[in-house]
Amino acid sequence: MRRDLERSVRGATIVRARADDPLIIEPVTSRKLKRVLRGQTLESLGRCGKVLILGVSGGWSVLQRFGMTGQMYPLPAGAPLPPHTRMVWELGDGRRLVYRDARRFGETRLVKTADLAEALAGVCRLGHDALDAELSAAEFSALLADHATPIKTFLLDQTHLAGIGNIYASEILHRARLSPLRPANSLDAQERRLLQRLIREVLAEAVAAQGTTISDYVTGAGETGGFQKFLRVYGREGERCRRRGCGGTVKRIVQAQRSTFYCPKCQK
DNA sequence: GATAATGTTCGATC
DNA sequence: AGATCGAACATTAT
């Protein structure tokens, strides 16, 4: 989404903006958002974990979380607003950048760009970005060592590593042949290295495939993703494990109130 | 009608 | 103090 938007709307002028009111959590409301964005330029599109960072001239950044059903993409000039549109930025060329979110689990925040790092770590409580290659093996190991919680639950916790969602947590563990029930601190050095590698591999492949569309996700161009075609366990309860030569059956369990899919035969 | 869904936060309870 | 669990948020689809 970030990459699509960088290509299509970076540098655009924000003629005017509007947003639904329950949308803006920090620090104020749609009135402030409107005032801050009017006439500014959308200078940069960044990301930390699952948070999109829209950098605007005038010293402000808009942080957007998407929850389960959030979408953001530019509409061609003249196109009607789709249902559940919560925020609209009118751009200089007549296009409208829209944020829509049927379930309203998403969240928009407004922060001073100077306070960005502080906000991501503080209000957003984000840990190290899961795709950031800067995290050393030793640092990754140290994160795991502190926690006896099941590894699946650990991967989902954005305060440890930011950016892994429920689909990718199951997919990563399947590829790493690790049971989702293993306590995070029970992995040996080899397993930790494998896991760290597969976190980056699976996320990178998913990004290359434009994300996973089960029902709502769309790219920053408003199109469905393609990674759902490559899922090995997620959503496949009762079906055959896709690992070559395994022959096991994918099982669904619930951990921390979320579905986990795994193959008990090849994931230990 | 019941259930589940790509997510996070809150309060209660270890 | 820190971890962990269930409920809650709102909407759609099966």
Side-chain angles (χ1 to χ4, degrees), chain A residues 1-2 20-26 47-52 63-73 82-87 99-109 119-127 130-131 143-174 180-186 199 202-203 205-207 209-220 222-238 250-261:
Chain A
M1 195 187 292
R2 188 204 69 76
D20 288 358
D21 244 323
L23 186 70
I24 308 302
I25 311 297
E26 281 289 316
R47 177 193 65 77
C48 182
K50 307 178 193 175
V51 176
L52 181 69
L63 307 186
Q64 185 66 55
R65 273 205 310 107
F66 292 90
M68 305 269 242
T69 54
Q71 307 179 336
M72 184 176 276
Y73 54 88
H84 308 300
T85 296
R86 313 295 183 194
M87 177 164 69
Y99 165 62
R100 41 192 311 242
D101 183 5
R103 288 175 74 178
R104 298 173 188 257
F105 285 177
E107 215 174 59
T108 307
R109 301 184 122 103
L120 292 171
V123 200
C124 300
R125 307 233 61 89
L126 296 186
L131 255 180
L143 286 178
L144 294 175
D146 279 347
H147 303 277
T149 187
I151 186 66
K152 159 64 165 31
T153 309
F154 177 91
L155 291 179
L156 234 39
D157 188 331
Q158 304 298 302
T159 67
H160 303 319
L161 279 180
I164 302 171
N166 203 36
I167 295 172
Y168 302 130
S170 282
E171 293 298 311
I172 287 162
L173 291 172
H174 179 258
L181 299 162
R182 288 275 299 279
N185 58 10
S186 76
I199 287 171
V202 170
L203 292 181
E205 280 180 37
V207 169
Q210 309 259 55
T212 307
T213 302
I214 305 281
S215 67
D216 293 278
Y217 175 75
V218 295
T219 67
E223 290 160 0
T224 57
F227 197 70
Q228 62 280 3
K229 289 178 268 187
F230 304 106
L231 298 177
R232 300 193 187 173
V233 284
Y234 185 86
R236 300 189 60 247
E237 183 181 19
V250 176
K251 190 175 174 190
R252 173 186 176 272
I253 60 174
V254 173
Q255 295 179 286
Q257 286 114 258
R258 310 295 302 278
S259 287
T260 299
F261 297 89

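Proteins get letters first, then strands, A, B, ... in listed order; numbering begins at 1 in each.
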Donor-acceptor contact present, side-chain E171(A) to main-chain V233(A), <3.5 Å: yes

Gap between atoms CG and P, on D146(A) and dG2(C) respectively (whole Å): 11 Å

Backbone of G106(A) reached by a side-chain donor or acceptor of D101(A) within 3.5 Å: yes

Presence of R258(A) side-chain N/O under 4.0 Å of dG7(B) phosphate oxygens OP1/OP2: yes

Option from H174(A), R236(A), R232(A) for which side-chain contact (heavy atoms from CB on, under 4.5 Å) with V250(A) holds: R236(A)

Gap between atoms CD and P, on Q257(A) and dC10(B) respectively (whole Å): 16 Å

Within residues 147-166 of chain A: residues closer than 4.0 Å to DNA chain C (heavy atoms): H147(A), T149(A)

Length of the line joining R103(A):CZ and dG7(B):P, which is rounded to integer Å: 10 Å

Between dT12(C) (P) and D216(A) (CG): distance, integer Å: 10 Å

side-chain N/O T69(A) vs dT12(C) OP1/OP2, d < 4.0 Å: no

Euclidean distance, L155(A) CG relative to Q255(A) CD, rounded to 0.5 Å: 10.0 Å

Whole-Å distance separating the CD1 atom of I214(A) from the P atom of dT12(C): 19 Å

Main-chain N/O of L126(A) paired with T159(A) side-chain donor or acceptor, under 3.5 Å: no

Note, V51(A) side chain near Q64(A) side chain (heavy atom, < 4.5 Å): no

Nucleotide nearest A102(A) (side chain, heavy atoms from C-beta), chosen from dT8(B), dT12(C), dA7(C): dT12(C)

Residue pair Q158(A) / G163(A): nearest heavy atoms and the distance that separates them: OE1-N, 2.8 Å

Ranges pairing with ranges for DNA chain B, where each run has three or more Watson-Crick or G-U pairs under 3.5 Å: B:2-5 with C:11-14, B:7-14 with C:2-9

Between T69(A) and Y217(A): side-chain donor-acceptor atoms closer than 3.5 Å: no

Nearest-nucleotide pick for R252(A), side chain only, options being dA10(C), dA4(B), dG7(B): dA4(B)

Face-to-face contact F105(A) to dC9(C) six-ring, under 5.5 Å, under 30°: yes

Side-chain touch Y73(A)/Y99(A), heavy atoms, less than 4.5 angstrom: no

Nearest-angstrom distance from the residue atom CZ of R65(A) to C1' of dA10(C): 14 Å

Q255(A) CD to dA3(C) P, straight-line distance once rounded to whole Å: 18 Å

